[in-house]
2 protein chains.
Amino acid sequence: MLNYQTSLDLMFQALADPSRRGMVERLSRGPASVSELARPLAMSLPAVVQHLQVLEASGLVRTEKVGRVRTCRIEPGGLQLAERWINERRTTWERRLDCLGDYLAETAPTTSKDPETGETP
Amino acid sequence: MLNYQTSLDLMFQALADPSRRGMVERLSRGPASVSELARPLAMSLPAVVQHLQVLEASGLVRTEKVGRVRTCRIEPGGLQLAERWINERRTTWERRLDCLGDYLAETAPTTSKDPETGETP
DNA sequence: CTGATAGTTAAGCATTTACTTTAGTATCAT
DNA sequence: ATGATACTAAAGTAAATGCTTAACTATCAG
């Protein structure tokens with residue numbers, strides 16, 4: 001089991017490549033084989049498989065081989081980790097802005113002008 | 001102006017490093033100078049500045065130099081792009097699951113579970 | 001069995017990344 | 001003016017990344 005930081009590293013790293021994001025987009029519309037994933041991409045099959053390994057390691061995609069075809073699907077809830085991190089940043093930042101708003105409203109309730117220059121920035 | 005794909009590349013790439021995420025976390029609690037950002041990190045100051053350049057290029061952070069100190073702050077709405085992409089994937093995937101649920105319910109309404117006993121045969 | 005399909009393994013290579021050190025340049029306090 | 005502070009610029013490096021090609025292994029259809 002990987003720790004939180006490493007999981008986020010792998011997840012964001014996996015999403016940082018347009019081909020890999022393309023694969024995730026394709027897979028969120030339904031499962032696909034490796035060759036199906038490869039078809040729209042301008043690269044060799046081994047390259048696609050390597051991208052796929054990155055996606056699997058990140059927990060975004062799960063694959064399963066039956067016969068000679070490997071079927072790839074979205075790992076449900078795989079994106080949750082990234083989503084959570086982003087939401088935490090947003091709320092921390094928004095809460096801070098609220099406090100700042102309170103502070104400004106309290107300190108200078110009437111001044112929308114710079115008292116030095118008399119200008120509105 | 002950068003296109004959508006490149007912006008996502010830069011954003012996710014920027015978030016894929018724990019030091020940079022640490023800086024973003026610090027900055028979402030309020031502005032900081034370069035040295036303040038560097039303090040908790042086990043690396044040289046130039047390294048921190050390089051990370052900062054990645055964050056600026058990604059649109060997550062804005063910096064401004066006054067006198068000899070460069071003040072760094074979160075770029076409001078910088079995370080929106082990543083957030084939007086993730087949400088789009090989630091909804092696409094969830095909608096698909098709904099359809100699949102409909103399909104299963106229609107095709108085999110009685111075979112997955114006995115609604116009386118709750119048992120799976 | 002034979003050939004085609006689907007994927008795998010391994011090795012190599014150019015580029016990018018994440019640092020480092022060393023040597024600066026402004027700015028500020030005294 | 002002098003020294004300390006806060007960066008900045010440049011160059012070098014080890015490791016990671018994103019590919020490639022070539023050769024190989026299963027599986028399936030006829």
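To find a chain, count down the sequence lines: A is the first, B the second, and so on, and within it residues start at 1. Source: prediction; values computed, not measured.
Remark: P of C/dT17 and CG of B/L10 are 9 Å apart, rounded to the nearest angstrom. Rounded to whole angstrom, the span from the NZ atom of B/K65 across to the P atom of D/dT5 amounts to 16 Å. Look at CZ on B/F12: it is 15 Å from P on D/dG18, rounded to the nearest Å. Counting to the nearest Å, the P atom of D/dT5 and the CZ atom of B/R39 are 12 Å from each other. Per the geometry, CD belonging to B/E64 stands 18 Å off P belonging to D/dA6, to the nearest Å. Counting to the nearest Å, the P atom of C/dA6 and the CZ atom of A/R68 are 6 Å from each other. One atom, CZ of B/R70, and another, C1' of D/dT5, lie 16 Å apart when rounded to the nearest Å.
Here the closest non-hydrogen pair linking B/A57 and B/L10 is O-CD1, 3.8 Å. Between B/M43 and B/S19, the shortest heavy-atom distance links the atoms CE-OG, 3.4 Å.
Place A/S33 and A/Q13 on DNA chain C by their nearest nucleotides, and A/S33 ends up nearer the 5' end.
There is a side-chain donor-acceptor pair under 3.5 Å between B/E56 and B/T63.
Candidate nucleotides C/dT17, D/dT5, D/dC7 were compared by shortest atom distance to the side chain of B/S35, and D/dC7 ranks first.
Contacts of residues 41-54 of chain A with DNA chain D (heavy atom under 4.0 Å): A/M43, A/S44, A/P46, A/A47, A/Q50, A/H51.
Judged by distance alone, with hydrogens and angles left aside, the side-chain atoms of A/S7 form a donor-acceptor pair with the main-chain N or O of A/N3 at under 3.5 Å.
Listed by first and then second residue, the side chain to side chain donor-acceptor pair (under 3.5 Å) pairs involving residues 36-46 of chain A amount to none (not counting sequence neighbours).
Under 4.0 Å is where a charged nitrogen must lie from a carboxylate oxygen, and between A/E25 and A/R21 no such pair does.
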